[in-house]
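Report on the structure given below.
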Amino acid sequence: MRAVVILIVVAFHSALPYLASQPPHPFAFDASPYRWIAFPIIDSERWFGLDLFCAWQDVSLMSLMFLLAGLFTPRGLIRKGAAAYLADRWWRIGLPFVLAVVLLSPVAYYASYLTTATDPSPAAFWQHWRALPMWPSGPQWFLWQLLLLSALAAALHELVPSWPRAASFIVAKCDDRPLLLFAGLTSLSALAYVPLAMIFTPWEWTFFGPLSFQLSRPLHYLLYFSAGLAIGSYGSDRSVFRIDGPLAHHWPTWVAAAFACFAVWGGLTALTMPDWNASPPAYRIAAAFAFPPACATGVIAFVASSLALLRRRSAVADSLSTNAYGIYLTHYPFVLWLQYALLDTRLNAAAKAAFVLIVALALSWAASGFLAAGARLLGHRHSGFPGKGAISDQPR
């Protein structure tokens with residue numbers, strides 16, 4: 001599943017310049033609300049099919065990543081204890097976040113700056129970059145939030161040692177009733193997401209230096225991380241996520257449900273576009289309430305289809321899975337510079353997105369292997385270096 005998820009992540013970022021919903025011209029680098037942070041490159045080639053793909057991933061992909069991160073957390077806490085686990089989280093997540101934000105983010109966003117720059121020199125870019133009211137982190141925003149949630153899980157493990165018993169009781173109720181899991185995720189997500197979406201809109205982000213988050217979703221992501229935490233504590237091999245359970249057996253039904261719920265969310269959300277605040281309140285409420293079931297079915301459908309279909313191992317998938325974290329950290333500069341290089345080519349939108357995906361994936365895959373080899377070499381030379389914090393290891 002890690003292999004498939006990282007493939008989707010790179011594909012998502014590769015497709016963003018070619019969305020039919022984007023404006024005709026790039027976003028100005030110095031103008032608030034700095035939309036170029038989310039859409040760094042705007043190309044003249046467009047295809048609506050990529051809008052549908054990216055919208056679906058926006059609905060469920062990050063929730064799935066938080067759930068998977070929570071799923072593997074109890075194992076690390078039990079094996080290492082809270083203090084050692086947090087130290088490991090720093091080496092695996094905290095330090096890579098700092099290095100990626102400081103070193104890779106400016107390199108990546110320099111490509112975005114060039115699309116509207118009057119002075120393309122690196123010195124001018126650095127001056128404009130330093131004048132920004134934030135330090136854009138790109139896709140690395142996930143890492144600092146994951147580090148924070150890991151710290152909360154460690155505190156729970158230390159202060160409330162009886163929590164796995166309560167979590168197991170709840171998860172056991174869903175063993176053979178995936179509909180109960182869907183109902184729980186949907187109802188709790190509605191409580192966590194809808195009020196914030198109505199107050200801040202579903203799209204608004206805020207920034208504190210390199211720390212950014214989507215104002216409508218922090219509690220929603222906490223819910224999915226907590227759900228993964230509870231299932232991992234109970235044991236995924238005997239939970240609703242077991243490979244021979246009803247979730248895996250009925251995966252086509254969940255995929256169909258995900259398509260249906262996404263279509264409902266998309267239709268209702270379209271009624272609030274292009275200006276959420278100017279749309280009728282009834283449309284906004286309906287669109288906000290459509291998000292939790294669309295997200296829940298999307299996440300469950302991915303897990304169900306993975307349990308049913310991804311049972312065979314392959315050398316390529318194993319390598320992609322092993323390098324998934326390194327690819328996540330390093331792919332963004334490759335993606336943006338490839339998109340910038342393709343701006344004046346005559347390829348259509350689908351061809352450009354596919355080219356960026358293939359080349360950026362290959363380059364970041366190679367970069368991940370190079371960094372992993374360097375980390376292993378450094379670990380051999382300095383025995384005190386925590387080898388398990390290598391950048392190639394997966395956050396789990």
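Here the structure is a predicted model, which is why all the values come from computation and not from measurement. Atoms considered below: every heavy atom in the structure, side chains included; atoms not considered: hydrogens, waters and symmetry mates.
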Open item on the list: Rounded at 0.5 Å granularity, tell me how far CG in Leu371 sits from OG in Ser364.
Closed with: 10.5 Å
Open item on the list: Does atom CG (Asp244) have a neighbourhood of more than 12 heavy atoms from anything else shown, all under 6.0 Å?
Closed with: yes
- [ ] Give the cluster check for Val5 versus Leu7: same hydrophobic cluster or not, with ILVMFWY residues linked at side-chain heavy-atom distances below 4.5 Å.
- [x] yes
Task: Polar side-chain atom of Lys352 near backbone of Leu342 as donor-acceptor pair, under 3.5 Å - done: yes
- [ ] Report yes if some heavy atom in the side chain of Phe207 is under 4.5 Å from a heavy atom in the side chain of Pro133; otherwise report no.
- [x] no
Task: Test item: Arg313 side-chain N/O and Asp318 main-chain N/O as donor-acceptor pair under 3.5 Å - done: no
Open item on the list: For a side-chain contact (heavy atoms from CB on, under 4.5 Å) check, start with the C-alpha distance between His331 and Val9, then their side-chain angles and the critical distance, and finish with the verdict.
Closed with: CA-CA 9 Å; His331 77 280; Val9 168; 4.1 Å; yes
TODO: Would you indicate whether the side-chain heavy atoms of Tyr224 and Cys295 approach each other to under 4.5 Å?
DONE: yes
Task: Ring centers of Phe66, Phe142 separated by less than 6.0 Å - done: yes
- [ ] Would you indicate whether the side-chain heavy atoms of Tyr18 and Trp47 approach each other to under 4.5 Å?
- [x] no
TODO: Verify the ring-centre separation between Trp36 and Tyr113: is it less than 6.0 angstrom?
DONE: no
Task: Asp58 side, atom CG; Thr269 side, atom OG1 - distance, nearest 0.5 Å - done: 10.0 Å
Open item on the list: So for atom CZ, which belongs to Phe289, do other residues, nucleotides or ligands contribute more than 12 heavy atoms lying within a distance under 6.0 Å?
Closed with: no
Open item on the list: Do Arg217 and Phe213 have side chains that approach each other closer than 4.5 Å (heavy atoms only, starting at C-beta)?
Closed with: no
- [ ] Check the pair Tyr193, Leu223 against side-chain contact (heavy atoms from CB on, under 4.5 Å), reporting the backbone distance first and the verdict last.
- [x] CA-CA 10 Å; Tyr193 170 81; Leu223 166 65; over 6 Å; no
- [ ] Might you work through the side-chain contact (heavy atoms from CB on, under 4.5 Å) test for Gln140 and Leu99, ending with a clear yes or no?
- [x] CA-CA 10 Å; Gln140 314 308 338; Leu99 294 176; over 6 Å; no
Task: Closest non-hydrogen atom pair between Leu16 and Ala38, with its separation - done: CD1-O, 3.6 Å
TODO: Can you measure from OG1 (Thr116) to CD1 (Ile42) and round to the nearest 0.5 angstrom?
DONE: 11.0 Å
Task: Donor-acceptor pair, side chain of Arg92 and main chain of Arg89, under 3.5 angstrom - done: no
Task: Hydrophobic cluster identity match, Ile327 and Leu103, side-chain contacts under 4.5 Å - done: yes
Open item on the list: Just to verify, which of Leu143, Thr330, Ile6 counts as forming a side chain to side chain contact (heavy atoms under 4.5 Å, CB included) with Tyr325?
Closed with: Leu143
Task: Shared hydrophobic cluster for Trp276 and Tyr34 (ILVMFWY, side-chain gaps under 4.5 Å) - done: no
Open item on the list: For a ring-ring contact (aromatic ring centres under 6.0 Å, His included) check, start with the C-alpha distance between His220 and Phe291, then their side-chain angles and the critical distance, and finish with the verdict.
Closed with: CA-CA 11 Å; His220 171 82; Phe291 175 83; 5.2 Å; yes
Open item on the list: With a 4.5 Å cut-off on side-chain heavy atoms, are Tyr340 and Leu343 touching?
Closed with: yes
Open item on the list: To check you understand the geometry: which heavy-atom pair defines the closest contact between Ala287 and Thr272, and what is its length?
Closed with: CB-CG2, 4.1 Å
Task: From Leu156 atom CG to Leu149 atom CG, the distance as rounded to the nearest 0.5 Å - done: 12.0 Å
Task: Contact summary for Ala100 and Leu329, nearest pair of heavy atoms - done: CB-CD2, 4.4 Å
TODO: Treating Ile, Leu, Val, Met, Phe, Trp and Tyr as nodes and any side-chain heavy-atom pair under 4.5 angstrom as an edge, say whether Trp126 and Ile37 lie in one connected cluster.
DONE: yes
Task: Minimum heavy-atom distance Ser105-Gly138, with the two atoms named - done: OG-N, 4.4 Å
Task: Any donor-acceptor N/O pair, Trp251 side chain to Leu307 backbone, under 3.5 Å - done: no
Task: Arg177: partners by salt bridge (charged side-chain N to carboxylate O under 4.0 Å, His left out), with sequence neighbours left out - done: none
Task: Any donor-acceptor pair under 3.5 Å from Asp43 side chain to Pro17 backbone - done: no
- [ ] Check for a donor-acceptor pair, side chain of Thr73 on one end and backbone N or O of Ala69 on the other, with a separation under 3.5 Å.
- [x] yes
TODO: Mind checking the CH2-OG spacing from Trp144 to Ser212? Nearest 0.5 Å is all I need.
DONE: 7.5 Å
Task: Nearest heavy atoms of Leu77 and Ala153, plus distance in Å - done: CD1-O, 3.7 Å
TODO: Take Ser236 and Leu71 through the side-chain contact (heavy atoms from CB on, under 4.5 Å) test and state the conclusion after the steps.
DONE: CA-CA 8 Å; Ser236 58; Leu71 191 67; 4.1 Å; yes
Task: Contact check, side chains of Leu361 and Leu320, non-hydrogen atoms, under 4.5 Å - done: yes
Open item on the list: Ring-plane angle category for Phe39 and Phe27, please: parallel below 30°, perpendicular beyond 60°, tilted otherwise.
Closed with: tilted
TODO: Decide whether Leu64 and Trp265 are clustered together by the hydrophobic rule: side chain heavy atoms of Ile, Leu, Val, Met, Phe, Trp, Tyr closer than 4.5 Å, transitively.
DONE: no
TODO: Give a yes or no on whether the backbone of Trp365 and the side-chain of Ser368 come within a donor-acceptor separation of less than 3.5 Å.
DONE: no
Open item on the list: Using 0.5 Å steps for rounding, measure from the OH atom of Tyr234 to the CG atom of Leu229.
Closed with: 15.5 Å
TODO: Quick one: sort the Phe125 and Trp129 rings into parallel, tilted or perpendicular, breaks at 30° and 60°.
DONE: tilted
Open item on the list: I want to check something: taking the side chain as every heavy atom from C-beta on, are Leu104 and Tyr332 in contact at a cut-off of under 4.5 Å?
Closed with: no
TODO: Please answer whether the main-chain N or O of Ala172 pairs with a side-chain N or O of Arg238 as donor and acceptor at a distance below 3.5 Å.
DONE: no
Task: Donor-acceptor under 3.5 Å (Ser187 side chain, Gly184 main chain) - done: yes
- [ ] Would you confirm whether Ser216, through its side chain, and Pro202, through its main-chain N or O, come within 3.5 Å as a donor-acceptor pair?
- [x] yes
Task: Minimum heavy-atom distance Leu271-Ser279, with the two atoms named - done: O-CB, 4.0 Å
Task: Min side-chain heavy-atom separation Trp254-Ser305 under 4.5 Å - done: no
